[in-house]
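Take a look at the structure below.
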2 protein chains.
Amino acid sequence: MKPEPVEPELSPAEICRSVGEVLDQIGDKWTVLVMRTLAAGPIRFNELARRVPGVSRKMLTATLRRLECDGFITRTQIPTRQSWVEYALTQLGRDLLGPITVLAEWAFANRGRVLEARARFSERS
Amino acid sequence: MKPEPVEPELSPAEICRSVGEVLDQIGDKWTVLVMRTLAAGPIRFNELARRVPGVSRKMLTATLRRLECDGFITRTQIPTRQSWVEYALTQLGRDLLGPITVLAEWAFANRGRVLEARARFSERS
DNA sequence: CCGGATCCAATCCGATACTG
DNA sequence: CAGTATCGGATTGGATCCGG
């Protein structure tokens, strides 16, 4: 369901710009955690706040606004007696989780190599 | 030359932790730009500073230290008449460029969808 | 329940000047 | 050439209070 295989070759300059932009969008403290939590299905604001450990409501609001603005999630008012707002991933958001998961799996598979490097570095300096 | 295909299934909690750690490492302003520049081959400090547009020497130093500590690059003193220090990617660093490039290519292929979403968002609010 | 608004501390980061 | 040291503005993000 990805948009296209596209051309496999990308110039280094295009790579740099692309990765810079996407890291500006998702490289902050909470964005990916929120998206991963939304991956399980639509969820309300306060439930989301509970499931993302440590996030303040202020940062959660800011993160959700940005994700909504960039088209990665939807925000739906459900009028009932109480206020009720549901957030959910869009197709674009689900698509983005693919490359993010690739990165996460790499990090998980290689965390030992990083820890070894740090140990060597600290004992050498 | 990747370490292993590893188990394809990763629990959501492990994904979150992994991606949080790797984003802490590479999610800042300069790390990926520096690594992409190093991908062309070993390079000296000041040449690196010239090729990464806008970076200050202070931030470049900090970025390189961290990359070295985490095992993504090597720092080599070459004693000659002048000071001479070369930085180069390690195998671990080259491996990391794989998932990063996946992300960059996704961002490049989908940047139009994000721009459309922003246009819709701004005209709706 | 879902936020917005404000204050404040910590951190980031660029500019500048200096060293071996 | 390859950094280090210090200052100060800008940004980040938590705490708290307030409102619909």
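Every chain is numbered from 1 and lettered A, B, ... according to where its sequence line falls, protein lines coming before strand lines.
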Can you give me every donor-acceptor pair (side chain of residues 34-43 of chain B, partner residue at least two apart or in another chain, under 3.5 Å) with its distance?
unit_1: B:R36; atom_1: NH1; unit_2: B:T101; atom_2: OG1; d: 3.4
unit_1: B:T37; atom_1: OG1; unit_2: B:L33; atom_2: O; d: 2.8

Between C:dT11 atom P and A:D28 atom CG, what is the distance in whole Å?
18 Å
5' to 3', nucleotides 14-20 of chain C under a 4.0 Å protein heavy-atom cut-off (B base, S sugar-phosphate only, - none) gives BB----B
Return the set of residues passing side chain to side chain donor-acceptor pair (under 3.5 Å) with A:R17 (not counting sequence neighbours), or none when no residue passes.
A:E21
Any side-chain heavy-atom pair of A:L89 and A:F72 under 4.5 Å:
no
Kindly determine whether B:R75 and B:V85 satisfy side chain to side chain contact (heavy atoms under 4.5 Å, CB included), including the steps that lead there.
CA-CA 7 Å; B:R75 177 185 183 276; B:V85 180; 3.7 Å; yes
Quick one: does A:W84's side chain get under 4.5 Å of A:Q77's, heavy atoms only?
no
A:Y87 OH - C:dC2 P separation (whole Å)
8 Å
Got A:L60 and A:W30 here, is their nearest side-chain heavy-atom distance under 4.5 Å?
no
Name the residue closer to the 5' end of DNA chain D, choosing between B:R50 and B:T61 according to the nucleotide with the nearest heavy atom.
B:R50
May I have all residue pairs that pass side chain to side chain donor-acceptor pair (under 3.5 Å) and include part of residues 56-74 of chain B, sequence neighbours excluded?
A:R118-B:D70
Going through the checks in order, is the side chain to side chain contact (heavy atoms under 4.5 Å, CB included) test met by B:L64 and B:L48?
CA-CA 10 Å; B:L64 290 167; B:L48 194 50; 3.8 Å; yes
Working to the nearest 0.5 angstrom, can you tell me the gap between B:L103 CG and A:L23 CG?
6.0 Å
Roughly how many Å is it from CD in A:E86 to P in C:dG3, rounded to a whole number?
12 Å
Between A:R65 (CZ) and C:dA5 (P), how many Å, whole number?
10 Å
Salt bridge check, A:R113 against A:E116: does any charged N sit closer than 4.0 Å to a carboxylate O?
no
Axis deviation across the helix from C:dC1-D:dG20 to C:dG20-D:dC1, five-pair ends, to the nearest 10°
40°
Nearest-0.5 Å distance that lies between atom OG in B:S83 and atom CG in B:N46:
10.5 Å
Taking 5' to 3' order, which nucleotide of DNA chain D is first and which is last to have an atom within less than 4.0 Å of a heavy atom in chain B?
D:dC1 to D:dC7
